[in-house]
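Below: the structure, in structure tokens.
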Amino acid sequence: MNPLNHVAIIMDGNGRWGLKNKNSRNAGHKAGLHTVEKIIKVSIKNDIRFLTLYAFSTENWKRPKKEIDYLFKLLETFLTKRIDDLNKQNIKLKIIGIKNFSKKLNKLLNLSEKKTSENTKLQINLALNYGSKFELINAIKKLNKKKEKINEKNLNKFLQTKNIPDPDLLIRTGNTKRLSNFLLWQLAYSEIFFERKLWPDFDGNDFEKIIKKFKFIKRNFGKI
Ligand code: IPE
Ligand code: IPE
Ligand code: MG
């Protein structure tokens with residue numbers, strides 16, 4: 001059986017769910033938070049050590065301001081309410097992406113990371129204003145500046161996922177089969193599951209089913 005150490009998820013389909021069920025894209029984002037809570041529970045139950053959640057891409061700034069503002073407000077409320085409990089559950093929060101939000105949100109993110117930095121049960125990497133192409137270009141620039149040799153090990157040192165093992169499993173909900181600039185380097189050997197359900201409809205049971213399937217995949221890594 002394959003060990004499952006790191007799961008990455010592209011949480012897609014909130015907008016469509018919201019429009020369909022509540023006539024509002026933003027209502028879908030709100031509903032999506034419940035799925036996040038369920039997925040955290042199942043991750044802990046399955047002894048998963050790293051959970052990376054794609055919450056906002058570098059391209060998502062192209063959305064209407066009203067939706068962007070709502071998303072960050074939602075995150076702010078969520079963290080304010082939930083960070084102490086996450087901390088109690090021994091969960092570590094790490095932001096991957098560029099923290100260039102409002103002063104208030106930046107502060108809250110930094111505080112949440114600091115508060116939970118010593119925790120060891122589960123590390124949640126929240127990909128916020130994250131773009132894989134930007135991350136790679138940035139890493140190469142840093143390698144150049146430090147005159148370090150360009151190789152895999154050195155490049156990894158300058159990625160935002162430094163010290164995080166590559167995902168074993170990638171799940172994308174929302175019935176779309178693409179990567180949308182997510183962890184292009186790190187997903188080189190991940191098992192990929194595209195899920196029809198929209199993110200707010202995805203639940204712990206769906207996640208458990210994927211985990212079970214994953215465990216029995218023959219992972220070759222180039223070997224036979
Ligand atoms: C994913 O859901 C969440 C974010 C990108 C913030 P979407 O908002 O992309 O939902 P759809 O794909 O439009 O339904
Ligand atoms: C990917 O979803 C980003 C997140 C889930 C945060 P998008 O909905 O932004 O992806 P595209 O634009 O459909 O590829
Ligand atoms: Mg989408």
Side-chain angles (χ1 to χ4, degrees), residues 6-40 42-43 50-79 82 93-102 105-106 108-109 112 123-138 159-161 164 167 169-187 190-203 206-207 210:
H6 183 177
V7 178
I9 306 185
I10 303 175
M11 311 183 286
D12 196 24
N14 288 347
R16 277 164 286 161
W17 187 96
L19 277 182
K20 197 176 96 195
N21 293 287
K22 312 250 178 195
N23 203 22
S24 134
R25 288 183 53 85
N26 284 348
H29 293 309
K30 195 168 176 201
L33 271 184
H34 298 297
T35 306
V36 171
E37 297 272 9
K38 291 176 199 164
I39 293 323
I40 293 175
V42 174
S43 299
F50 298 90
L51 175 66
T52 302
L53 301 174
Y54 203 8
F56 195 87
S57 74
T58 45
E59 288 73 35
N60 286 145
W61 294 108
K62 294 174 192 161
R63 296 188 178 201
K65 186 172 182 298
K66 197 175 137 238
E67 181 166 335
I68 296 173
D69 287 348
Y70 184 84
L71 272 168
F72 290 121
K73 192 77 214 159
L74 204 62
L75 176 66
E76 210 177 288
T77 315
F78 176 80
L79 278 182
R82 299 285 291 112
L93 182 76
K94 182 176 165 53
I95 308 301
I96 59 169
I98 312 303
K99 276 182 261 171
N100 63 352
F101 312 108
S102 69
L105 183 57
N106 284 341
L108 178 65
L109 293 171
S112 305
Q123 175 168 334
I124 299 179
N125 306 306
L126 193 61
L128 264 189
N129 192 16
Y130 173 85
S132 192
K133 288 193 176 181
F134 176 85
E135 179 191 40
L136 283 165
I137 286 170
N138 215 29
L159 295 176
Q160 280 150 359
T161 51
I164 302 172
L169 169 62
L170 170 77
I171 301 170
R172 180 177 188 139
T173 58
N175 203 18
T176 303
K177 294 185 176 114
R178 55 179 175 250
L179 294 179
S180 304
N181 202 12
F182 188 47
L183 302 174
L184 301 178
W185 168 270
Q186 296 88 337
L187 292 172
S190 310
E191 304 302 328
I192 303 183
F193 284 73
F194 292 109
E195 164 70 42
R196 278 225 175 93
K197 282 193 183 175
L198 305 173
W199 179 248
D201 286 330
F202 190 72
D203 62 19
D206 299 316
F207 188 26
I210 292 177

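Counting starts at 1 for both ligands and their atoms, in listed order. If you read the sequence from its start, that first residue is 1, and numbering goes on from there. Everything quoted here is computed from the prediction, not taken from an experiment.
- Interface of R16 with ligand 1, defined as ligand atoms under 4.0 Å from a residue heavy atom, comprises 11 (P), 12 (O), 14 (O).
- A donor and an acceptor atom, one from each side chain of Q186 and T161, are located under 3.5 Å apart.
- Each of the atoms 1 (C), 10 (O), 11 (P), 14 (O) of ligand 2 lies under 4.0 Å from some heavy atom of S180.
- Of all the heavy atoms of T176, none lies under 4.0 Å from any atom of ligand 1, so neither backbone nor side chain is involved.
- Taking only nitrogen or oxygen atoms, main chain and side chain alike, G15 reaches within less than 3.5 Å of ligand 1.
- The existence of a salt bridge linking R172 and D12 is confirmed by a sub-4.0 Å separation between a basic side-chain nitrogen and an acidic carboxylate oxygen.
- Here F182 has no heavy atoms under 4.0 Å from ligand 2, in either its backbone or its side chain.
- In the model, Q160 has no side-chain atom that pairs as donor or acceptor with a side-chain atom of Y130 under 3.5 Å.
- Nearest N/O/S atom of D12 with respect to the Mg ion (ligand 3) is recorded as OD1.
- Of all the heavy atoms of K62, none lies under 4.0 Å from any atom of ligand 2, so neither backbone nor side chain is involved.
- Interface atoms of ligand 1 facing M11, defined by a heavy-atom separation under 4.0 Å, are 1 (C), 2 (O), 3 (C).
- For atom 12 (O) of ligand 2, the nearest protein heavy atom lies 4.0 Å away or farther.
- The proximity of A55 to ligand 2, defined as any non-hydrogen pair under 4.0 Å, is limited to the backbone.
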